[in-house]
Structure formats: C-alpha cells, structure tokens
Amino acid sequence: MEQSGACVQPLQQSDWDLFNLLYSTSDGDIQLPPASESGDGNFGSGTDVTSQQSYAAQEQADLSEQQVEDLLYLRRLYIHRRGALSLKQKALVSKPYPSGSTLHPQQELDHVAELAAALKEVALQDCKAYHLVSHAMCQGVLSAKQVGIWQLHLYPYIPSVEAVIDAVAAEQGAASKQDIASEVTANSMTKEWEAFEKYVHYVVANDP
C-alpha cells in the first residue's frame, strides 16, 4: 500500500476490530492464542476432539519413531514461532506514543493506522504459521494413509494441527506449551523457521 507523505489510507472497520483485539492484550507471560481456523482442506478446527480419541487415532496410525520425532520438532518450532510473534505484537502495542506537543488529529490517525497495519501483519504471519505446519505434517511427515486413518477415527470432528501434535506430545511426555514458549526470549529459532519455510515450499511443490 503506497503512502503519500505522512498520510495512509483510512482504516476499515476490520482494521479497527483487529486493533482493539490486539491492543487489549495484557502484559505478562507469552500468551499463545487459539490458532486460526484452517481452510487448507487438511486439518481444520476441532476443539471437541477428546484426548482419548486422539490417542486412539495415534495408535491406529502406527507412527514410526522418526515420525514422532518430526512431529515433536514441528510442535516446538510452531510454538517458538507463535511465541516470537506474540513478543512482536507486545512490542508494537507498547511502543511509546509520538512525543511532543499536542498532535494534529491527522497525525494521531496516521499513528493508529500504521500500528493497526503492523498488528494486522503479525496476525497474518500467525495464520501463515498454522498453515505451513499443517502442510508439513500432512504432506511431509505423515503418509496419506495415516492422515486418512486419523480423520476416520476422529470423525465427525476435523482435528486441528494443534490437537494432533499435542496428543503426540502428551503421549511422549514432552514439554508443555508454556515451558517451550518461555524459551523464546533466549532463542526464537528464526533461522530454523526460515529453513522450515523452504522445506514446506519444496514439499508442496513436489506433492503428486
């Protein structure tokens, strides 16, 4: 979106809604909001799936040790990515207001519009993270048969990616989400995420 001088395009109602939602985030530990609903045709949103159902599906899918290791790595990478985005969001909303004397109303609108645009980009990156992990799991780690088994045993619910990888993590006694998220300030795994994006693009491009 091109800008003219210090002005930006007027905020749409959706921008205001997003701004109000993200700006109201309280301070404190990193919070991982529920992942965006998926429309990729693989795994979507299924909060009604029970742990027992997930465990049963996992057993029937007969995951190999390598697949379990890959899914746990995906989970850690995903949580680190969302945690890093959460920190970026908090930095944006905590950014000091332009200093100086009383601002012109247009300057105030420009400031809010720029902040809303930045927060919107963070939200889009968060949604993108979910879809990338979904593609990696369904087209890279699991076979088509295993994906089918999981969907069959969890019918009529459509499990989310988080439900699947959390079920595997619980079965393996892996670290909790908050324990992993607490590592983000020391290591955001940015380079690992960049390499992961290239991997997903390769997998999707070569999927028959």
Side-chain angles (χ1 to χ4, degrees), residues 22 25 28-49 51 53-55 57-58 61 63-91 119-143 146-147 150-151 154 157-205 207:
L22 297 181
T25 302
D29 296 333
I30 295 174
Q31 299 295 320
L32 298 177
S36 303
E37 293 192 6
S38 171
D40 55 13
N42 293 320
F43 286 86
S45 176
T47 55
D48 292 324
V49 175
S51 298
Q53 287 175 302
S54 294
Y55 295 148
Q58 179 182 336
L63 300 177
S64 68
E65 291 184 7
Q66 184 61 57
Q67 286 178 313
V68 170
E69 184 178 330
D70 289 344
L71 288 175
L72 291 180
Y73 179 73
L74 272 182
R75 178 174 178 263
R76 178 172 292 276
L77 193 62
Y78 176 59
I79 293 173
H80 269 255
R81 177 60 174 173
R82 300 196 72 206
L85 290 172
S86 176
L87 289 177
K88 185 175 182 180
Q89 170 195 314
K90 290 186 177 183
L119 290 172
K120 187 174 184 178
E121 178 59 28
V122 171
L124 290 174
Q125 289 299 318
D126 188 64
C127 183
K128 179 182 178 181
Y130 181 92
H131 284 273
L132 287 174
V133 171
S134 176
H135 284 302
M137 186 178 75
C138 298
Q139 296 173 268
V141 178
L142 302 179
S143 67
Q146 288 172 318
V147 172
W150 222 303
Q151 291 178 329
L154 296 180
Y157 304 112
I158 302 177
S160 68
V161 169
E162 291 181 338
V164 173
I165 58 180
D166 284 346
V168 174
E171 182 71 16
Q172 298 297 316
S176 68
K177 288 183 179 180
Q178 289 305 320
D179 285 342
I180 296 176
S182 66
E183 305 169 355
V184 174
T185 52
N187 178 19
S188 62
M189 298 183 73
T190 302
K191 291 184 178 180
E192 290 87 345
W193 183 261
E194 292 174 353
F196 170 68
E197 284 194 86
K198 294 179 181 178
Y199 161 76
V200 174
H201 292 154
Y202 173 81
V203 168
V204 173
D207 187 46

Per-pair distances, 0.1 Å, donor-acceptor, side chain in residues 186-194, under 3.5 Å, sequence neighbours excluded:
{"unit_1": "Asn187", "atom_1": "OD1", "unit_2": "Met189", "atom_2": "N", "d": "3.0"}
{"unit_1": "Ser188", "atom_1": "OG", "unit_2": "Thr190", "atom_2": "OG1", "d": "2.7"}
{"unit_1": "Trp193", "atom_1": "NE1", "unit_2": "Glu197", "atom_2": "OE2", "d": "3.4"}

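A donor-acceptor pair is defined here as one N or O able to donate and one able to accept, closer than 3.5 Å; such a pair exists between the side chain of Tyr130 and the backbone of Val161. Here the side chain of Gln172 pairs no donor or acceptor atom with the backbone of Ala169 at under 3.5 angstrom. Not a single donor-acceptor pair under 3.5 Å links the side chain of Gln139 to the backbone N or O of Val203.
Summarising the geometry of Val184 relative to Ala84, their closest heavy-atom pair is CG1-N, 3.6 Å, with the distance given to 0.1 Å. Closest of all the heavy-atom pairs between Val200 and Ala136 is CG2-CB, 3.9 Å.
Applying the 6.0 Å contact sphere to OH of Tyr202 captures no more than 12 heavy atoms from other residues, nucleotides or ligands.
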Run the numbers on Arg81 and Asp126 for salt bridge (Lys or Arg N to Asp or Glu O under 4.0 Å), then give the verdict. CA-CA 8 Å; Arg81 177 60 174 173; Asp126 188 64; over 6 Å; no
Where do Arg75 and Glu162 land on the salt bridge (Lys or Arg N to Asp or Glu O under 4.0 Å) test, with the steps shown first? CA-CA 8 Å; Arg75 178 174 178 263; Glu162 291 181 338; over 6 Å; no
Show, in sequence, the C-alpha distance, side-chain angles and deciding distance for Tyr78 and Leu132, and conclude whether the side chain to side chain contact (heavy atoms under 4.5 Å, CB included) test is met. CA-CA 9 Å; Tyr78 176 59; Leu132 287 174; over 6 Å; no
Run Lys88 and Glu121 through salt bridge (Lys or Arg N to Asp or Glu O under 4.0 Å) and show every step you take. CA-CA 11 Å; Lys88 185 175 182 180; Glu121 178 59 28; over 6 Å; no
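Between Asp179 and Ser182, the side chains place no donor N or O within less than 3.5 Å of an acceptor N or O (distance only, hydrogens not considered).
You'll find the side chain of Leu142 reaches within 4.5 Å of the side chain of Leu63, heavy atoms only. Between Lys177 and Asp166 there is a side-chain heavy-atom pair separated by less than 4.5 Å.
Atom-to-atom distance recorded for Leu77:CG and Leu72:CG is 12.5 Å, nearest 0.5 angstrom. The CD atom of Gln66 lies 10.0 Å from the CG atom of Leu71; values are rounded to the nearest 0.5 Å. The distance from the CG atom of Leu85 to the SG atom of Cys127 is 11.5 Å, given to the nearest 0.5 Å. We find the NZ-CD distance between Lys120 and Gln125 to be 13.5 Å, quoted to the nearest 0.5 Å.
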